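Take a look at the structure set out below.
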Number of protein chains: 4
Amino acid sequence: MFKTLNIDTEKEDRIINAATKVFAENGYKRASTNAIVKEAGISKGILFHYFKSKKELYLSLYEHLSDMFAEKIYDRIDMEERDIFEIIRQVSVIKFELFSTYPDLINFLNSVFHEIDPEVKNEVDKIRENLTGSSFSKLFSNIDAGKFRKGIDVGKAIQVIYWTFEGFANQQQAKASSMSVADIYKEDILAELDSYTELLKKSFYK
Amino acid sequence: MFKTLNIDTEKEDRIINAATKVFAENGYKRASTNAIVKEAGISKGILFHYFKSKKELYLSLYEHLSDMFAEKIYDRIDMEERDIFEIIRQVSVIKFELFSTYPDLINFLNSVFHEIDPEVKNEVDKIRENLTGSSFSKLFSNIDAGKFRKGIDVGKAIQVIYWTFEGFANQQQAKASSMSVADIYKEDILAELDSYTELLKKSFYK
Amino acid sequence: MFKTLNIDTEKEDRIINAATKVFAENGYKRASTNAIVKEAGISKGILFHYFKSKKELYLSLYEHLSDMFAEKIYDRIDMEERDIFEIIRQVSVIKFELFSTYPDLINFLNSVFHEIDPEVKNEVDKIRENLTGSSFSKLFSNIDAGKFRKGIDVGKAIQVIYWTFEGFANQQQAKASSMSVADIYKEDILAELDSYTELLKKSFYK
Amino acid sequence: MFKTLNIDTEKEDRIINAATKVFAENGYKRASTNAIVKEAGISKGILFHYFKSKKELYLSLYEHLSDMFAEKIYDRIDMEERDIFEIIRQVSVIKFELFSTYPDLINFLNSVFHEIDPEVKNEVDKIRENLTGSSFSKLFSNIDAGKFRKGIDVGKAIQVIYWTFEGFANQQQAKASSMSVADIYKEDILAELDSYTELLKKSFYK
DNA sequence: GATGAATGAGTGTTCATTCAT
DNA sequence: CATGAATGAACACTCATTCAT
């Protein structure tokens, strides 16, 4: 399942959504297959017919959703863009939108990122390497270094920019966890994000 | 326990160390009280005599270790220092040293930071607010804004600096998880850290 | 199935072989119909189309293989022979040969013999009575009692001879389970068997 | 448990008896820990507190009961006896008595003997080697070979005697499974046993 | 005839928590 | 204070059997 296109997409979707939600809310260990089948409206047996173990379900789901996530990003991003701020801004906007549309998806990917359960940690890391190794570098491979001021180590500057946007996203998400989803995607947030962009441009660019 | 000074400090220490280790390695849900009492060499009964539930043990431990952690930082930091890079650098160095000496402590605090189990998430957040709300602002309350170039939003610049150091620390820790502890605290790391300092100083300072 | 001649003999054979193997290795309860269909390369549905339950498959298989086994014995045995040692020796040799050729068959029949699962025990016993009741007595009905020494209870002597060969066979099989099948049928074994024959002849015969 | 004397002998006994019965009636795989705890009147948890798995329970039980069984035999047997028929007769009588008193015990040991479940087969064999290796040879080490007729291979004769009594016991037990326990230990059986003794003595002894 | 997805009761095992000693 | 035996609900997973296709 997940790897090949399936006719019974509707049931597949129900499993994906249910598992995503339950894992996102509880982490690997606490998430119970009982909760997943209940949420998906399927029987215990069929879950283990598709996935031979909870672990396999978790890892398949991670791989599937990571792929899907990357795909959604690349679908909408302008690959000709060579300004790093513009690239990261586009990514941020897409992430925010995805979060509004599929909050569980993002929450699941975040929770996988920080999962420490030894039962899955190693495999998660292995999958992550395959994915991000390629995608991260692809995203930033095309940057126009000519825009940076002389004397600036461009590689490190990119890191600083990346960490800034990451930190900002985390900060927003921490705030968001106490809001309703409806309030999250706002002009205010983008405005604040842009003020960071401005600060860093003023500092790093010619 | 933990709040009041206890005569039986030796047993208290054994519990702290055992619980820290087991929670750090497994997260809240997967950590079993059996593993903790075994590691600590105490009986099941006495653990639940001191702490009325696993949850209370977890939260008390978090509060205790957070306090201890903050204390260790403040003990060694030069509170007269007004240069933000110097402050953060000091904090970073202390963190690295603590990690070498008490790896479980840092791993526990990190795992708590990312814990999503609904059974403890809310209380963890509440405790965190109490701690960081005060300590973070105290650390940075004294910053000399005069060093920043004109037109720079100092508050945001501080955030950028903070996120940079945080991102750097995470990056190092990810690398470190595949090294032996002995190899972690090295001149190389500090040198690289300093190159980020230099980059940011060049960009933000007059 | 099994009772009537079937056109699709090839599929029938695959089921027989698969079920024999899986039941032989695991006993009734532990043997799973999944393992059988997988081994046979057939679908779940068709197995339950042919046999309405696992129990029926097991009992039919037992009956079928018992019949086949008896048939193979009677096919090759000299029915004119009236010396009990010669008869039992012939049977033993045929058994050894069958075991080399169809180890699963013998292992299955042995495992059925000792099966204690209440779900099948009664029916197994009933089938066994039908078979051995007739075949055992037929085999020994023709014995030449005149060869035995006076004063010997011939019926009991036959029992002793039978138990001896049975005990010997079990002993060899226990040894054999730690050997490769290739090493089992050997002159050594027959020589040892003959030394028991000699001992009993010397003791029971005139 | 089982290895050391326990104060709570009464509960231990309930577990032993319950497990013996359930395993005896169903074999390893089919026996359910649910049935055992119900029969013993204990909770699920405490069973797994004493024995970390069903497998460990099974093997411990086998070791314990084998020991106990051997002990009961050696306690009552006359170790000075040098006549093999007398020795085997004594053992048979004790076995029959034990079977009347503790039918589950004997049934359990028999079922273990023929257990083929790969999950326990190897360990069972290992335990059996430890036990029977020593006890069987001890029992027969003292035999008076002078009583046998010249030309008789004494070692093989002993095997024949042993297999005869074993075969007889199996035959009786097969009959017994369709009788009530009350009818089993009877003069008739011993009389028949003695007629086999007589036959073999007449044949093997001077 | 033939498939294999689907069911749900059943399994062995874990675990926070209690309580008699 | 201190112990660890005891509980029972919850867990991941299995499996004979059914049935729509």
Side-chain angles (χ1 to χ4, degrees), chain A residues 1 6-8 11-12 28-37 41-58 119, chain B residues 6-8 11 28-38 41-58 119, chain C residues 1 6-8 11 28-38 41-58 119, chain D residues 1 6-8 11-12 28-37 40-58 119:
Chain A
M1 221 187 183
N6 203 312
I7 300 168
D8 198 348
K11 178 173 286 184
E12 194 182 338
Y28 178 72
K29 186 64 206 283
R30 186 182 220 270
S32 105
T33 53
N34 270 334
I36 293 171
V37 299
I42 59 169
S43 76
K44 206 74 182 285
I46 201 59
L47 183 70
F48 285 90
H49 182 70
Y50 286 142
F51 305 93
K52 72 178 207 296
S53 67
K54 181 185 179 182
K55 183 175 169 178
E56 198 201 281
L57 166 61
Y58 185 78
E119 205 179 333
Chain B
N6 205 313
I7 299 168
D8 199 348
K11 179 175 286 186
Y28 177 72
K29 186 65 205 285
R30 188 181 217 267
S32 102
T33 53
N34 262 333
I36 294 171
V37 300
K38 205 171 164 186
I42 57 169
S43 78
K44 210 75 183 289
I46 202 62
L47 183 70
F48 282 88
H49 178 72
Y50 287 145
F51 306 93
K52 73 175 209 295
S53 68
K54 182 187 180 181
K55 185 175 170 179
E56 198 201 283
L57 166 62
Y58 186 78
E119 202 179 336
Chain C
M1 222 190 182
N6 205 313
I7 300 166
D8 199 348
K11 181 176 285 188
Y28 177 71
K29 185 64 206 282
R30 187 182 218 266
S32 102
T33 53
N34 261 333
I36 294 170
V37 300
K38 206 172 164 186
I42 58 168
S43 78
K44 210 76 183 286
I46 202 62
L47 182 71
F48 282 88
H49 178 71
Y50 287 145
F51 307 92
K52 73 175 208 295
S53 67
K54 182 186 179 182
K55 184 175 170 178
E56 199 201 282
L57 166 62
Y58 185 77
E119 203 179 335
Chain D
M1 224 191 180
N6 205 311
I7 300 169
D8 198 347
K11 177 172 287 183
E12 194 181 336
Y28 178 72
K29 186 65 206 284
R30 187 183 219 266
S32 103
T33 53
N34 271 333
I36 293 170
V37 299
I42 57 169
S43 75
K44 208 72 182 289
I46 200 60
L47 183 69
F48 284 90
H49 182 68
Y50 286 142
F51 305 94
K52 71 179 207 296
S53 68
K54 182 187 180 181
K55 183 175 170 179
E56 198 201 283
L57 167 62
Y58 186 77
E119 205 179 332

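Predicted, not measured: the structure shown is a model, and the values here were computed from it. Letters A, B, ... are given to chains in the order of the sequence lines, protein chains preceding strands, and every chain is numbered from 1.
Atom CZ in F48(A) sits roughly 13 Å away from atom C1' in dG8(E) (whole-Å rounding). Between the CZ atom of F51(C) and the P atom of dA2(E) there is a distance of 13 Å, rounded to whole Å. Between the NZ atom of K55(B) and the P atom of dT17(E) there is a distance of 10 Å, rounded to whole Å. Atom CD of E119(D) is separated from atom P of dT14(F) by 13 Å (rounded to the nearest Å). Here the C1' atom of nucleotide dA12(F) and the OH atom of Y58(A) are 17 Å apart, to the nearest Å. Look at CG on L47(D): it is 15 Å from C1' on dC15(E), rounded to the nearest Å. A straight line from CG of L57(D) to C1' of dT11(E) spans 15 Å, rounded to a whole angstrom. One interatomic measurement links the two molecules: OH of Y28(A) to C1' of dC11(F), which rounds to 12 Å at whole-angstrom precision.
Note on H49(D): a side-chain N or O is less than 4.0 Å away from OP1 or OP2 of dA5(F). A close approach under 4.0 Å does occur between a side-chain nitrogen or oxygen of K11(C) and OP1 or OP2 of dA2(E). For dC11(F), the OP1/OP2 oxygens have a side-chain nitrogen or oxygen of N34(A) closer than 4.0 Å.
If you check every strand for non-hydrogen atoms under 4.0 Å, T33(B) touches a base. A35(C) comes within 4.0 angstrom of nothing in the nucleic acid, heavy atoms only. Here S32(C) lies in heavy-atom contact (under 4.0 Å) with sugar-phosphate atoms only.
Each of S43(A) and K29(D) has a nearest nucleotide on DNA chain E; the 5'-most of these lies closest to S43(A). Comparing K52(B) and G41(A), the nucleotide of DNA chain E nearest to each residue sits closer to the 5' end for G41(A). Mapping R30(A) and G45(A) onto DNA chain F by nearest heavy atom places R30(A) closer to the 5' end of the strand.
A donor-acceptor contact under 3.5 Å links the side chain of K44(B) to the base of dT17(E).
Summarising the geometry of N34(C) relative to V37(C), their closest heavy-atom pair is O-CG2, 3.2 Å, with the distance given to 0.1 Å. When all heavy atoms are compared, the tightest approach of E119(B) to K55(B) is O-CE, 3.2 Å.
Within the model, atoms CD of E56(C) and OH of Y50(C) stand 13.5 Å from one another, a figure rounded to the nearest 0.5 Å. Within the model, atoms CG of L57(B) and OG of S53(B) stand 8.0 Å from one another, a figure rounded to the nearest 0.5 Å.
Checking dC13(F), dT7(F), dA2(E) against every side-chain atom of I46(D), the shortest atom distance belongs to dT7(F).
Not a single side chain to side chain donor-acceptor pair (under 3.5 Å) links K38(B) to another residue, sequence neighbours left out.
Judged by distance alone, the side chain of K54(D) and the main-chain N or O of K29(D) form a donor-acceptor pair under 3.5 Å.
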Dot-bracket encoding of pairs in DNA chain F, which uses [ ] for pseudoknotted crossings and | for another strand, Watson-Crick or G-U under 3.5 angstrom: .||||||||||||||||||||
